[in-house]
**Q** 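Shown below is the structure under consideration.
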Amino acid sequence: MDPLDPAPAGLDLIDPRTGRTRGTLSPARAERVAGAAATARAAATRWRALTPRERERRLDALADLVEHHLAEYTALEQAGTGKPAAEASGEIRQVADLLRFSAGAARTGSAPAAGRYLPGHESWVRWEPIGVVGAIVPWNYPLLMAAWRCAPALAAGNTVVVKPAETTPDSVALLAEHAAQALGDGVLTALAGDRETGRLLVTSDIDMIAFTGSAAAGADIAARAGHRRISLELGGNSPVLVLPDAPAHTWSALAEACTYNAGQSCAAPARVITLDENHEQVIAALTTALAGRRSGRDFGPLNNPDQAARYDRLLAATAAGRSIAAPGRTDGLWRPARLLADLPQDDPAVLAEVFGPLLTVQRAATPDEALALANGVPQALGASVWTRDLGTALDLTARLDAGETWINCHLAQTAELPHGGRGASGHGTDLSALALQEYQRPKTVTARL
């Protein structure tokens, strides 16, 4: 299904690098949504009947196609997101790796051991696919977030209808074309559209909704989903605890992590928290490090006008005493790296997920007070601690309310390690073998002997 439709009634697709129209999107409505769900339903019996080994073989073939068409995928990702080529191509390689990892992990299987738990009976547990999964994914990592949802769902034996964000349908549409070749018709269907398309998908003939996006949209999906299973990743607002003995690479690592993808990452470092004794040192060091990361050279623009306007409103509303912008492009959707300091805990830039190349810096009198600030927002997705004292680092990470924590690094992720949030950041697991259980359900079988 080609999302690019020259029909004048469609939605314009904008290249965020230039602001120019690059195509038109014809958003799916009830008939197309129902058709996509029906196609996935028709393919479900055939796909789930395959052995895990055969599904692995086909998913490996899909990964081969992704790698073979790396340049084409990269160009599509750049057109929709404005990412530098190195970022986009690196993420495409992660997509291929995740397809292979999930397919292999599904072959290992895990369940309570079979045995005679009741006298005269033998029991065991089967893990079975849920059926048809509707995956709704955001614009910040169009193909990678689709893979985070689709790879484990497909490997577990489900068929998937995936709806990309309305600003970035291109690479997911190509993935669906390649999936038809490698997996068979209807196993992975792309459904281009807007928010109304997503709402129609949620209420269509599917068995599960996997959503990555805003907390408000996640709450709306939960209300519409009824009794069906949902998996929600709703963003973050990552605290960064920087102690006086932080290692020398702290500043460059944080500057790079907060500007990767122009800061449009759910788990990006956001809220730097220092102690009184190192507060000014941290501000000075981060200011220097951020000055070395330039918009237009080292990272791309914000994705769309709505996101740029939201970012600008947060900056206008902040009560920060210091607002320090790094050099870089400021035209169009481009925003330079920025540091905010001397701001209260209830500042909008502290409480909200900014989703831009921005760090706030706050201070605390003690590590316990710093921990209270870190855990003082509703989101609980990622967090990091920076210190040379491993014992202190392990103690603080144990007390941080976050689904993923890092010590002396940030945004270090791989297919083998789980990622997921708590609280307002949603629930469920992406990545790792644990993600397979998001898309499976256990069935106990007990036989009287």
**Q** Is the backbone N or O of V187 less than 3.5 Å from a side-chain atom of T159, with the two atoms forming a donor-acceptor pair by type?
**A** no
**Q** Going by heavy atoms in the side chains, are L396 and L371 under 4.5 Å from each other?
**A** yes
**Q** Under a 3.5 Å distance rule, please check whether T318 uses its side chain to pair with a backbone N or O of L315 as donor and acceptor.
**A** no
**Q** Between S123 and R116, is there a side-chain donor-acceptor contact under 3.5 Å, judged purely by atom types and distance?
**A** no
**Q** Would you name the heavy atoms of D207 and R228 that are closest together and state the gap between them?
**A** O-CB, 3.6 Å
**Q** Would you say the side-chain atoms of Q440 and E128 include a donor-acceptor pair closer than 3.5 Å?
**A** no
**Q** One pair to check against side chain to side chain contact (heavy atoms under 4.5 Å, CB included): S89 and T74. What are the steps and the verdict?
**A** CA-CA 5 Å; S89 61; T74 298; 3.5 Å; yes
**Q** Does R41 reach the main-chain N or O of D205 with its side chain, forming a donor-acceptor pair under 3.5 Å?
**A** yes
**Q** May I ask you to decide if G300's main-chain N or O and R17's side chain share a donor-acceptor pair within less than 3.5 Å?
**A** no
**Q** Do W148 and H419 have ring centres separated by under 6.0 Å?
**A** yes
**Q** Distance check, rounded to the nearest 0.5 Å: S238 atom OG versus E404 atom CD?
**A** 9.0 Å
**Q** Please report the shortest heavy-atom distance between L343 and A349, naming the atom on each side.
**A** CD1-CB, 4.4 Å
**Q** Looking at R29, I'd like to know if its CZ atom is crowded, meaning that more than 12 non-hydrogen atoms belonging to other residues, nucleotides or ligands lie closer than 6.0 Å.
**A** yes
**Q** Which heavy atom in H427 sits nearest to a heavy atom in I230, and how many Å separate them?
**A** CE1-O, 3.2 Å
**Q** Donor-acceptor check, side chain of T259 to backbone of A262, threshold 3.5 angstrom: yes or no?
**A** no
**Q** Are the side chain of N158 and the backbone N or O of G131 linked by a donor-acceptor pair below 3.5 Å?
**A** yes
**Q** Does this structure show an ion pair linking D306 with R310, if we count only N-O contacts that are shorter than 4.0 Å?
**A** no
**Q** Taking R53 first and then E56, would you say they form a salt bridge - that is, a charged N and a carboxylate O separated by under 4.0 Å?
**A** no
**Q** Distance from E91 atom CD to N140 atom CG, nearest 0.5 Å?
**A** 9.0 Å
**Q** Using a 3.5 Å distance criterion without hydrogens, assess whether the side chain of E166 forms a donor-acceptor pair with backbone atoms of L25.
**A** no
**Q** Consider only side-chain N and O atoms of H68 and Y73, and report whether a donor and an acceptor are under 3.5 Å apart.
**A** no
**Q** Going by side chain to side chain donor-acceptor pair (under 3.5 Å), name the residues that satisfy it together with R149, two or more places apart in sequence or in a different chain.
**A** T212, S231, D430, Y439
**Q** Provide the closest heavy-atom pair for L191 versus A28 in the form atom of the first, atom of the second, distance.
**A** CD1-CB, 3.6 Å
**Q** Can you tell me if N408 uses its side chain to pair, donor with acceptor, with the backbone of T387 under 3.5 Å?
**A** yes
**Q** Do S171 and E77 pair up side chain to side chain, a donor and an acceptor below 3.5 Å, judged on atom types alone?
**A** yes
**Q** Are side-chain N/O atoms of D194 and T197 paired as donor and acceptor at under 3.5 Å?
**A** yes
**Q** Just by modelled atom types, is the F355 backbone N or O under 3.5 Å from a matching donor or acceptor in the Q307 side chain?
**A** yes
**Q** Please answer whether the main-chain N or O of V240 pairs with a side-chain N or O of S384 as donor and acceptor at a distance below 3.5 Å.
**A** no
**Q** Quick check: are there more than 12 heavy atoms from other residues, nucleotides or ligands sitting under 6.0 Å from CD of E31?
**A** no
**Q** Please report the interatomic distance CG(L400) to CG(L241), rounded to the nearest 0.5 Å.
**A** 5.5 Å
**Q** Is it the case that the side chains of Q413 and Q94 hold a donor-acceptor pair, with the cut-off being a distance below 3.5 Å and no angle test?
**A** no
**Q** Checking side-chain polar atoms at under 3.5 Å, does T45 have a donor or acceptor matched by the opposite partner on W47?
**A** no
**Q** Considering all heavy atoms of both residues, which atom of V162 and which atom of C150 are nearest to each other, and what is their separation?
**A** CB-SG, 4.0 Å
**Q** Who are the side chain to side chain donor-acceptor pair (under 3.5 Å) partners of T167, not counting sequence neighbours?
**A** N303
**Q** Name each donor-acceptor pair under 3.5 Å that joins a side chain in residues 217-225 to protein atoms two or more places apart or in another chain, with its distance.
**A**
| unit_1 | atom_1 | unit_2 | atom_2 | d |
| --- | --- | --- | --- | --- |
| D220 | OD1 | R224 | NE | 3.2 |
| D220 | OD2 | R224 | NE | 2.7 |

**Q** Do T189 and V160 have side chains that approach each other closer than 4.5 Å (heavy atoms only, starting at C-beta)?
**A** no
**Q** Can D12 and R22 be counted as an ion pair, charged N to O under 4.0 angstrom?
**A** no
**Q** Restricting to non-hydrogen atoms, name the atom on P269 and the atom on C258 that form the minimum distance, rounded to 0.1 Å.
**A** CG-N, 3.7 Å
**Q** D64 vs R100, test: salt bridge (charged side-chain N to carboxylate O under 4.0 Å, His left out). Steps then yes/no.
**A** CA-CA 9 Å; D64 289 342; R100 292 195 173 97; 2.4 Å; yes
**Q** If you measure from OG1 on T81 to CG on N304, what distance do you get to the nearest 0.5 Å?
**A** 11.5 Å
**Q** Report yes if some heavy atom in the side chain of M208 is under 4.5 Å from a heavy atom in the side chain of V132; otherwise report no.
**A** no
